[in-house]
Amino acid sequence: MRLATWNVNSLRSRIDRVEAFLQRHDVDVLALQETKAREEQLPLMGLQAMGYEVAAAGTNQWNGVAVISRVGLDEVEVGFPGQPGWGEPAETEARALGATCGGVRVWSLYVPNGRKPDDPHYVYKLDWLARLREAAGAWLDTPTALVGDWNICPTDDDVFDPAQFARSTHVTPPERVAFQAFLDDGYAEVTREHAPGYTYWDYYRQRFERDRGLKIDFVVASPPLAGQVTGAFIDREERAGTGASDHAPVVVDLAD
DNA sequence: ATGGTTGTGAAACAA
């Protein structure tokens, strides 16, 4: 099974790229973040014609997550127990969607950005991660993939210029501790060894052309799933050219 | 410290 995750930065504006990406790499399951659309706004006919089922959540213009699968899409769940809302009803804030696809529980995650270390949103980010960890502890014994935009650079190697990010989110010790906690519990980040390099580059200052990016998109796998990983890659070409998302897709191959 | 770009939806606001 081939599983991918991609912060698409608007599904409607990039539906053609999504369909081409699925075909180009023969992807079975795709987790999307920043879909930026209500479910009823999404153009799904093309995906359905290609044999995919779609589950989407989120109704505001900034967040939204989805899972697209051609190997089954069952037990869809939005959010996780204890997930706090943020200034609006929980359904509009949707940052987590779980679905069972081909025997794997796939969670498409859009971890809160945090904005600034002194912003209340940063506290919300850490709280959200703590509650996710609490829920994820119960999923360790089943094939589970926590995939998506974690908005954390776990090491300095994951930042093009650590000095420039010294007072920014994504690199602070509490965020890194929060990420490491999943690994301490038994989860494994399975893309890094096969697919080094950044997954996100800001639109401005020609960050992509100069490869000044961040590695913030990860596949965090439970032990039964981690043992099935045979390879991974970052589709950097998808980030090139005009009309690209600011994130590149990350693809993981799993043995049957 | 600031500014640079993109998306949504039609002015900010988030990233």
Side-chain angles (χ1 to χ4, degrees), chain A residues 5-21 31-44 56-66 84-96 108-129 147-154 158-172 175 178-179 198-218 235-250:
Chain A
T5 180
W6 187 11
N7 181 325
V8 72
N9 187 16
S10 169
L11 181 50
R12 282 177 295 164
S13 71
R14 262 177 275 283
I15 186 63
D16 292 346
R17 280 178 172 267
V18 170
E19 292 176 1
F21 166 75
L32 293 167
Q33 300 86 38
E34 288 202 73
T35 49
K36 296 188 175 180
R38 296 185 297 275
E39 190 164 9
E40 66 270 21
Q41 291 179 301
L42 296 178
L44 310 177
T59 63
N60 71 19
Q61 59 187 279
W62 300 300
N63 307 317
V65 282
W86 180 256
E88 51 193 337
E91 59 269 21
T92 67
E93 181 63 15
R95 295 174 174 275
S108 180
L109 304 175
Y110 180 50
V111 175
N113 174 286
R115 298 175 190 167
K116 299 269 176 57
D118 61 355
D119 192 301
H121 201 260
Y122 175 82
V123 177
Y124 165 58
K125 178 181 193 173
L126 296 177
D127 188 28
W128 193 94
L129 285 163
V147 312
D149 180 355
W150 284 76
N151 271 318
I152 298 172
C153 301
D158 303 324
V159 193
F160 69 90
D161 184 357
Q164 185 175 136
F165 277 72
R167 276 166 233 84
S168 303
T169 59
H170 294 55
V171 303
T172 67
E175 291 168 281
F179 186 86
Y198 306 132
T199 63
Y200 160 83
W201 301 259
D202 252 323
Y203 280 124
Y204 40 74
R205 291 187 170 226
Q206 297 184 305
R207 288 271 174 83
F208 179 70
E209 289 75 6
R210 298 188 293 154
D211 195 26
R212 294 170 71 77
L214 307 176
K215 192 176 188 67
I216 54 177
D217 298 272
F218 296 105
D235 184 9
R236 286 179 62 105
E237 287 183 23
E238 176 54 49
R239 178 61 181 81
T242 56
S245 168
D246 43 2
H247 293 249
V250 180

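By convention in this document, chain letters (A, B, ...) are assigned in the order of the sequence lines, proteins followed by strands, and residues within each chain are numbered from 1.
In this model, the phosphate group of B:dG9 is approached by a side-chain N or O of A:R12 to a distance below 4.0 Å at OP1 or OP2. Contact annotation: A:R115 reaches the phosphate of B:dA15 (side-chain N/O to OP1 or OP2, under 4.0 Å).
Residue A:W201 contributes atom CH2, which lies 19 Å from atom C1' of B:dG4 at whole-angstrom precision. If you measure from atom OH of A:Y204 to atom P of B:dG4, you get 11 Å, rounded to the nearest angstrom. Distance, A:Y203 OH to B:dG4 C1': 14 Å, rounded to whole Å. Put simply, CH2 on A:W62 is 8 Å from P on B:dC13, counting in whole angstrom units. In this structure, A:H247 places its NE2 atom 8 Å from C1' of B:dA15, rounding to the nearest Å. Atom CG in A:N63 sits roughly 14 Å away from atom P in B:dT8 (whole-Å rounding). As a whole-Å value, the separation of A:H170 NE2 from B:dA15 P is 9 Å. Between the C1' atom of B:dG7 and the CG atom of A:N7 lies a distance of 12 Å, rounded to the nearest Å.
Side-chain proximity of A:S13 to the nucleotides B:dA15, B:dG7, B:dT5 is greatest for B:dG7. Relative to the side chain of A:Q41, the nucleotides B:dT5, B:dA15, B:dG9 differ in distance, and B:dG9 lies closest. Checked against B:dG3, B:dT8, B:dA15, the side chain of A:R205 finds its nearest nucleotide in B:dG3.
Backbone-only contact: A:Y110 has heavy atoms under 4.0 Å from sugar-phosphate atoms and none from a base. Residue-level contact check: A:R14 touches the backbone only, with heavy atoms under 4.0 Å from sugar-phosphate atoms and none from bases.
Distance alone, capped at 3.5 Å, is enough to place a donor-acceptor pair between the A:Y203 side chain and the A:D246 backbone. A donor-acceptor pair under 3.5 Å is formed between the side chain of A:E175 and the backbone N or O of A:H170.
With both ends at atom P, the span from B:dG9 to B:dA14 equals 15 Å, rounded to whole Å. Taking the C1' atom of each, B:dT6 and B:dA10 are spaced 16 Å apart, rounded to whole Å. With C1' as the reference atom, B:dA1 and B:dA12 are 23 Å apart, rounded to whole Å.
A salt bridge does not link A:K125 to A:D119: none of the charged nitrogens lies less than 4.0 Å from a carboxylate oxygen.
Comparing A:G114 and A:N9 along DNA chain B, the residue whose closest nucleotide (by nearest heavy atom) sits nearer the 5' end is A:N9. If A:D149 and A:A244 are placed on DNA chain B by their nearest nucleotide, the residue sitting closer to the 5' end is A:A244.
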task: Start with the C-alpha gap between A:I216 and A:T199, add the side-chain angles, then the distance that decides, and say whether side-chain contact (heavy atoms from CB on, under 4.5 Å) holds.
output: CA-CA 6 Å; A:I216 54 177; A:T199 63; 4.1 Å; yes
field: Stepwise ring-ring contact (aromatic ring centres under 6.0 Å, His included) test for A:F160 and A:F165
entry: CA-CA 9 Å; A:F160 69 90; A:F165 277 72; 5.7 Å; yes
